[in-house]
Number of protein chains: 2
Amino acid sequence: MNTEEKILEAARTVFTQKGYAAARMQEIADVAEINKGLLHYYFRSKERLFQAVFEEAFGRVVKHVNHIFESNLPLLEKIEGFVEKYMDTLLEHPEVPAFVVNELNQKGEAFVKELMQKRQKPNPMPLIMQIQMEVDAGKIRPVNPFQLVLSLLSMCAFPFIARPLFKSFAQIDDRMYMQLMESRKKEIVDLVINGIKL
Amino acid sequence: MNTEEKILEAARTVFTQKGYAAARMQEIADVAEINKGLLHYYFRSKERLFQAVFEEAFGRVVKHVNHIFESNLPLLEKIEGFVEKYMDTLLEHPEVPAFVVNELNQKGEAFVKELMQKRQKPNPMPLIMQIQMEVDAGKIRPVNPFQLVLSLLSMCAFPFIARPLFKSFAQIDDRMYMQLMESRKKEIVDLVINGIKL
DNA sequence: GTCTATAGGTAGATAGAC
DNA sequence: GTCTATCTACCTATAGAC
């Protein structure tokens, strides 16, 4: 593991935990077990180091989600597959959604616009159109496809974003929380499938 | 409007927009149109000023949610009432959920624990038990009540937390976004009611 | 209560030896 | 490439005049 990778690894940890504003270059250097000066040697500034970390995290999630959206399955199986795989991604990186959403909220319009231009966007259109076709064909209850996709994303991602809140009010530890998220997959799929069928 | 109220009003704006770490006492003073020294005269420190703002926001949301949870309505009406009123609260204060969740994520366990002790907790138990009774009585499909409540909260709150993301990728402005959230009420209720009926 | 001035500390960034 | 030392800027907080 070379120096640049050690820095990126440490920066991921610190930035996702503390957020950009509260993160300290010194702490990143400590976690990486390297000298603070090296951070600037490799990445010039805190801002650039942050962007490297953020775009990596954002890109990974978007790529994963798009892959599922664009797959070629029947609607019900696609929904099932989406929930299964998206929840697995979140279980592997439980702190990423909060990180991404926090920074997007705080960095302002300009930052988001720029990100959307140079990076691949999330593209739920294939799924949205597929839902609309099923509605038109009378196969499922008439729902607003955009809202349905938003609901799917919400039910998967929100519990991870609000994890500290739920953890402390429901008095459960991390392992228990992860188990709840595991069993949540089926719960979400059942609710949605039953919710849209005629 | 006296000085203390002006400060609190300004602090609300700045803290919710920037978050604790990125907020500057100077900016709060500027927004309040008062001298920076007065901030310390009234609230001693940035931390104390922040706590005043945060606990106010948190308490308001919790109080509102608890009130609905504890109401004495039949299940389906309670769900409908919850979505309606909770979404109205969020439409009035669209930036609050992201603020609360961000800070809870970053301030760490100790902060959350302390908050939960001295403040009233969110208490969804009445609703959870009501759902369990309907399941036991064979009135609705067997669902995990905790997961169902979590899904309701998710579908309402997540779109507000992820607002900048959706706004810029769906290319819509604030007014349009609020309209989507308004029509979302019915969409959520329909999905859930259909999703749990036998 | 309100202001100005400033102390005291810390963060990001750079210079320069090795 | 890696380290130490330091510069410069900024931020919170306080002291003290009015």
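By convention in this document, chain letters (A, B, ...) are assigned in the order of the sequence lines, proteins followed by strands, and residues within each chain are numbered from 1.
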Asker: Given 3.5 Å as the limit, does a donor-acceptor pair link the side chain of B/T13 with the main chain of B/E9, or not?
Answerer: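 Yes, the answer is positive, given that a donor and an acceptor are paired below the 3.5 Å cut-off.
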
Asker: Can you tell me the distance, in whole Å, between the CZ atom of B/F43 and the C1' atom of C/dG1?
Answerer: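 These atoms are roughly 14 Å apart.
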
Asker: Distance check needed: C/dG12 C1' versus A/M25 CE, whole Å only.
Answerer: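 So the CE-C1' distance, A/M25 to C/dG12, works out to 7 Å.
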
Asker: With nearest nucleotide decided by heavy atoms, which residue, A/A21 or B/I34, maps closer to the 5′ end of DNA chain C?
Answerer: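 Mapping each residue to its closest nucleotide by heavy atoms, the 5'-most match is B/I34.
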
Asker: Over how many whole Å does the gap from B/I28 atom CD1 to D/dT12 atom P extend?
Answerer: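 These atoms are roughly 8 Å apart.
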
Asker: Consider the side chain of B/K36, meaning its heavy atoms from C-beta on, and name the nucleotide among D/dT12, D/dT2, C/dA13 that approaches it most closely.
Answerer: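 Per side-chain heavy atoms of B/K36, the pick is D/dT12.
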
Asker: Please state whether the phosphate of C/dG1, meaning OP1 or OP2, lies under 4.0 angstrom from any side-chain nitrogen or oxygen of B/T3.
Answerer: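 No, B/T3 has no side-chain N/O under 4.0 Å of OP1/OP2 on C/dG1.
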
Asker: Run the side-chain contact (heavy atoms from CB on, under 4.5 Å) check on A/F43 and A/E4 step by step: do they pass?
Answerer: CA-CA 9 Å; A/F43 292 92; A/E4 187 167 344; 4.0 Å; yes

Asker: Take atom CG of A/L39 and atom P of D/dC3, then tell me their distance rounded to the nearest Å.
Answerer: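 After rounding, the reported distance stands at 11 Å.
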
Asker: Cation-pi check for A/F50 against A/K107: NZ or CZ below 6.0 Å from the six-membered ring centre and within 45 degrees of the axis, yes or no?
Answerer: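 That pair qualifies as a cation-pi contact.
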
Asker: Taking any heavy-atom pair under 4.0 Å as a contact, classify A/A23: base, sugar-phosphate, or nothing.
Answerer: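 The residue A/A23 makes sugar-phosphate contact but no base contact.
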
Asker: Could you check how far CG of B/D30 sits from P of D/dC11, rounded to whole Å?
Answerer: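 Rounded to whole Å, this separation is 11 Å.
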
Asker: Measuring to OP1 and OP2 of D/dT12, would you say a side-chain N or O of B/R24 lies under 4.0 angstrom away?
Answerer: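 Yes, B/R24 has a side-chain N/O under 4.0 Å of OP1/OP2 on D/dT12.
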
Asker: B/Q26 CD to D/dT12 P: how many Å, rounded?
Answerer: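 Whole-Å distance recorded here is 9 Å.
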
Asker: Give me the ring orientation class for B/Y177 and B/F160: parallel if the planes are under 30° apart, tilted from 30 to 60°, perpendicular past 60°.
Answerer: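 Ring orientation of B/Y177 relative to B/F160: perpendicular.
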
Asker: How close or far is atom P of C/dA15 from atom CG of A/N35, stated in whole angstroms?
Answerer: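 In whole Å, C/dA15 P lies 16 Å from A/N35 CG.
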
Asker: Is it the case that atom CG in B/N72 sees more than 12 heavy atoms from other parts of the structure closer than 6.0 Å?
Answerer: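 Open: at most 12 neighbouring heavy atoms sit under 6.0 Å from CG of B/N72.
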
Asker: If you check the A/H40 side chain, which of C/dA13, D/dT2, C/dT4 turns out closest?
Answerer: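 From the listed options, C/dA13 comes nearest.
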
Asker: Can you tell me the distance, in whole Å, between the OH atom of A/Y42 and the P atom of C/dG12?
Answerer: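 Distance check: A/Y42 OH to C/dG12 P gives 20 Å.
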
Asker: D/dG1, C/dC3, C/dA13: which one has an atom nearest the side-chain heavy atoms of A/Y41?
Answerer: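 Nearest to the side-chain atoms of A/Y41, counting from C-beta on, is D/dG1.
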
